[in-house]
There are 2 protein chains.
Amino acid sequence: MTGRPIGTVAKATGVKIPTIRFYENIGLLPAPPRSEGNRRLYDEATADRLHFIRHARELGFEIESIRGLLRLADSPEAPCHDADEIARTHLDAIDRKIASLVSLRAEVARMAECACTGPIAECRVIEVLAEHGHEH
Amino acid sequence: MTGRPIGTVAKATGVKIPTIRFYENIGLLPAPPRSEGNRRLYDEATADRLHFIRHARELGFEIESIRGLLRLADSPEAPCHDADEIARTHLDAIDRKIASLVSLRAEVARMAECACTGPIAECRVIEVLAEHGHEH
DNA sequence: GCTTGCTCCTCTAGCGACTAGAGGATGTAG
DNA sequence: CTACATCCTCTAGTCGCTAGAGGAGCAAGC
């Protein structure tokens with residue numbers, strides 16, 4: 001029973017070694033067989049799973065969503081709709097995040113429009129933050 | 001020596017009670033005097049400071065940035081430039097976050113374009129995530 | 001065979017910014 | 001006097017890792 005050691009898989013997938021072990025710990029990645037010296041030996045299927053996880057994480061999916069997606073990936077007869085819904089929910093979350101960041105940006109930009117020559121006593125940044133009644 | 005209890009200040013500022021205590025713990029908010037029964041009694045200056053912190057947090061400033069801003073707010077003779085720089089650094093961070101979220105959004109949206117009628121075996125979401133060599 | 005240096009192992013603790021809960025004391029209104 | 005609300009401290013949990021301690025295994029050179 002052979003396979004690649006964790007370092008090789010880490011390099012191949014771009015996932016750091018402690019992160020791989022962490023995924024195993026939380027049950028996202030199956031525990032691979034070990035060598036005589038107790039080292040993890042990964043087969044291709046598990047490495048692929050790790051690739052899958054990394055892609056999903058890069059796209060900002062949460063661990064629990066990825067757990068769901070992996071379960072679906074494992075049951076090819078399940079309806080595509082289920083995976084699609086996870087993706088769409090995620091898309092909505094991204095949209096909300098972008099919207100709130102954009103309005104935030106406007107506010108911070110307005111705040112940072114500062115002549116920036118005087119002392120703090122006249123600083124717009126501090127002034128805006130100290131303002132009362134600016135509940136939105 | 002009077003003052004408002006923590007619950008009243010919490011309502012007035014919109015900061016939850018445990019969060020106020022947390023700010024005190026990490027030295028962001030000064031420890032207020034206590035009543036005979038050991039309860040915190042806040043004066044207006046401290047409540048204002050909490051307002052300041054809340055505004056800054058709402059605008060996404062990190063605790064350490066807020067610590068700096070508060071120090072500046074306390075020294076009105078310091079140059080405005082220092083506060084402005086914190087704000088500008090934050091603005092840059094927001095811009096980077098927005099940019100990365102927007103490109104993310106495009107990718108997830110492309111992924112979620114799914115006919116969504118077949119089984120998982122033909123699902124585009126799963127397919128995209130499982131793809132190899134899609135390093136960007 | 002022996003040493004060097006790399007990779008690997010497990011385990012615990014830390015990050016940021018809170019939040020939740022236990023278990024108890026205090027304050028107030030009827 | 002009795003409810004009940006509010007407060008207190010302390011610990012542990014959240015999320016997704018990351019860092020470090022302290023040790024074992026392994027491959028290559030001498």
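Residue numbering restarts at 1 for every chain, and letters A, B, ... go by the order of the sequence lines. Hydrogens, waters and symmetry mates play no part in the numbers below; they use all other heavy atoms, side chains included.
- Between A:Tyr23 and D:dC17 there is a side-chain N or O to OP1 or OP2 distance below 4.0 Å.
- Whole-Å rounding puts the A:Arg40 CZ to D:dC26 P distance at 15 Å.
- The separation between A:Ile17 atom CD1 and D:dG16 atom C1' is 18 Å, rounded to whole Å.
- With rounding to the nearest 0.5 Å, the separation of CD1 in B:Ile120 from CD in B:Glu122 is 10.5 Å.
- As a whole-Å value, the separation of B:Ile26 CD1 from C:dG14 P is 16 Å.
- More than 12 heavy atoms of other shown residues, nucleotides or ligands fall within 6.0 angstrom of atom CD in B:Glu24.
- Residue A:Lys16 places no side-chain N or O under 4.0 Å from the OP1 or OP2 atom of D:dC17.
- If you find the closest nucleotide of DNA chain C to B:Asn38 and to A:Gly37, the one lying nearer the 5' end belongs to A:Gly37.
- When rounded to the nearest whole Å, the span between NZ of A:Lys11 and C1' of C:dC6 equals 10 Å.
- B:Tyr42 has its OH atom 16 Å from the P atom of D:dT6, to the nearest Å.
- When only modelled atom types and interatomic distance are considered, A:Asp43 and A:Thr46 share a side-chain donor-acceptor pair under 3.5 Å.
- Of the two residues contacting DNA chain C, namely B:Arg39 and B:Arg57, the nearest-nucleotide position lying further toward the 5' end is that of B:Arg57.
- Between A:Arg4 and A:Glu44 there is a salt bridge, since a side-chain N of the basic residue sits under 4.0 Å from a carboxylate O of the acidic one.
- The phosphate of D:dC15 (OP1 or OP2) has no side-chain N or O of A:Arg67 nearer than 4.0 angstrom.
- Side chains of A:Arg34 and A:Arg39 form no contact here, defined as non-hydrogen atoms less than 4.5 Å apart.
- Nucleic acid contact class of A:Glu62 (heavy atoms, under 4.0 Å, all strands): sugar-phosphate only.
- OP1 or OP2 of C:dC9 has at least one side-chain nitrogen or oxygen of A:Arg21 nearer than 4.0 Å.
- Atoms CD1 (B:Ile20) and P (C:dA17) sit 18 Å apart, rounded to a whole Å.
- Nucleotide D:dC26 holds its C1' atom 16 Å from the CD1 atom of A:Ile6, rounded to whole Å.
- The CD-C1' distance, from B:Glu24 to C:dC18, rounds to 16 Å in whole Å.
- When each of A:Thr19 and B:Gly7 is assigned the nucleotide of DNA chain D bearing its nearest heavy atom, the one mapping closer to the 5' terminus is B:Gly7.
- Side-chain N/O atoms of A:Arg34 include none lying less than 4.0 angstrom from OP1 or OP2 on D:dA24.
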